[in-house]
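No experiment lies behind these values; they were computed from the predicted model shown. Indexing begins at 1, ligand by ligand and atom by atom, following the structure's order.
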Amino acid sequence: MNEILRRECSERRKALMNMLGERAMVIVPAAEQCLRNRDTEYRYRQDSDFYYLTGFNEPEAVLCLLPGRTGGEFVLFCRKRDRAQEIWNGYRLGQEGAVSELGADQAFDILELDERMPELMSGCERIYYALGKRTSFDRRVVSWLNQVRAKARSGIRAPQELLMLDHWLHDLRLFKSSEEIRLMRKAAAISARAHERVMRMCRPGMFEYELEAELLHEFVRSGCSAPAYTTIVGGGPRGCILHYVENRAPLRDGELVLIDAGGEYESYAADITRTFPVGKAFSSEQRSLYEIVLAAQQQAIAQVQPDQHWNDPHDRAVRVLARGLLDEGILNGSLDEVLEKELYRPFYMHRTGHWLGMDVHDVGDYKVDQSWRMLEPGMVLTVEPGLYIAPDADVEERWRGIGIRIEDDVLVTRQGHEVLTEAAPKSVADIERLRQDACS
Ligand code: GLY
Ligand code: MN
Ligand code: MN
């Protein structure tokens, strides 16, 4: 494990323990290894909370934090080393490695979990555990608790409170450290290059999956372990399906293609959408709608700065989109009426962004005490307005089947913001220049 990650994980554990105080116990299980079909497994992806606190990438592990415990605050359960298993399935860190590499105070074989957990829980008042994600593990936590309760007559006091860990841990994850920002810049730069690559390689008659392959090529050759989420390549009307992931259809000249794709670099996600012509240039309707979405996105990004509310970019995007739809005659009425009655919703039905980090839809509260949260330096969010005119929409035929989204990843800084994904081309002029070169 590299020294920076080791130090960061240690600081994160300390920060969490400081928030929770003594006589608390944090329990975070590693992600399970999932079967894909029969005996073939999905590639393992660690649970983000677990990785954030340990930097440890193996399944079958459980992290316990016990602030102030004399025997050690950081206790890790993990798999024992096993020569035969390691020949077949890869290295295991083992208990010694957990202490020397990860800095655990104590490490035990994962097979001893049921035996040791009641004992570790005994001196604690409060258990912090994210109940409800994995039924089988939930049951084990309850069973350990019950075993401690059963010892009441011997003077052992069982924990009195079971609390959801998410609120505390996720508030830490919401604010990115300089090292996390470095990794997110890298994920963003690789993903921006992948988008530019497909803008250069796309030709009419290609299939959507061919563009998906080009994106994957750029992600993997640049050190990403995988896409951060399933890649969307939607040609023509399929750009109006928000989570279209089939990617099997041919791309036709005259249509647009919407691509939502980002790589995961060292556990951090990028999330970029670009929409461009399959042929050389936008049609006049496509260009009109594209310019509206781009203006909405640019104005929304301008709202990303400290002391603005989380919702301000969304409000601004909706206003610009609504104004544009009115100007084009796709909607009728006054701007106030369109906004108040949400008449834009058939064409813009999602929100303008989300937190971004180790998870593409990252953790962290959006409201505090019923009010939208203020943006603060270190937060990273996406800004992703779109317009989707369904093939059967009740509008003039010339607009139908056009789907456009433009999405960038934006870091809130002290001075305002930094667009991490700026290198992915998005102006009409830049895109048409690339498409002209590609198709001639
Ligand atoms: N790619 C998922 C999203 O944009 O939210
Ligand atoms: Mn996206
Ligand atoms: Mn997104």
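Taking 2.8 Å as the criterion, H354 counts as a coordinating residue of the Mn ion (ligand 3), since one of its N, O or S atoms falls below it. Among the atoms of D271, an N, O or S atom falls under 2.8 Å of the Mn ion (ligand 2).
For the pair R435 and F276, the NZ or CZ position fails the cation-pi test of under 6.0 Å to the six-membered ring centre and within 45 degrees of the ring normal. Because its NZ or CZ atom is not both nearer than 6.0 Å to the ring centre of F207 and within 45° of the ring axis, R248 does not count as a cation-pi partner of that residue.
Residues F282 and Y290 bring their aromatic ring centres within 6.0 Å. In this structure, F175 has its ring center no closer than 6.0 Å to that of H170.
Shown here is R373, whose CZ atom has more than 12 heavy atoms of other residues, nucleotides or ligands within 6.0 Å.
For ligand 1, the atoms sitting less than 4.0 Å from at least one non-hydrogen atom of E407 are 4 (O), numbered in the order shown with element in parentheses. Every atom of ligand 1 with a heavy atom of H361 under 4.0 Å away is listed here by number and element: 2 (C), 3 (C), 5 (O).
Among heteroatoms of the N, O or S kind in E407, OE1 lies nearest the Mn ion (ligand 2). When you scan the N, O or S atoms of E384 for the one nearest the Mn ion (ligand 3), you land on OE2.
Among protein heavy atoms, atom 3 (C) of ligand 1 sits closest to D271 OD2, 3.4 Å.
Test Q297, R351, H354 against E384 for side-chain hydrogen bond (donor to acceptor under 3.5 Å, both in side chains) and you get one pass: H354.
Classified by interplanar angle (parallel below 30°, tilted 30° to 60°, perpendicular above 60°), the ring pair F108/F77 is tilted.
When non-hydrogen atoms are compared, ligand 1 lies under 4.0 Å from neither the backbone nor the side chain of T382.
Put simply, no part of R405 is less than 4.0 Å from ligand 1, judged by heavy atoms.
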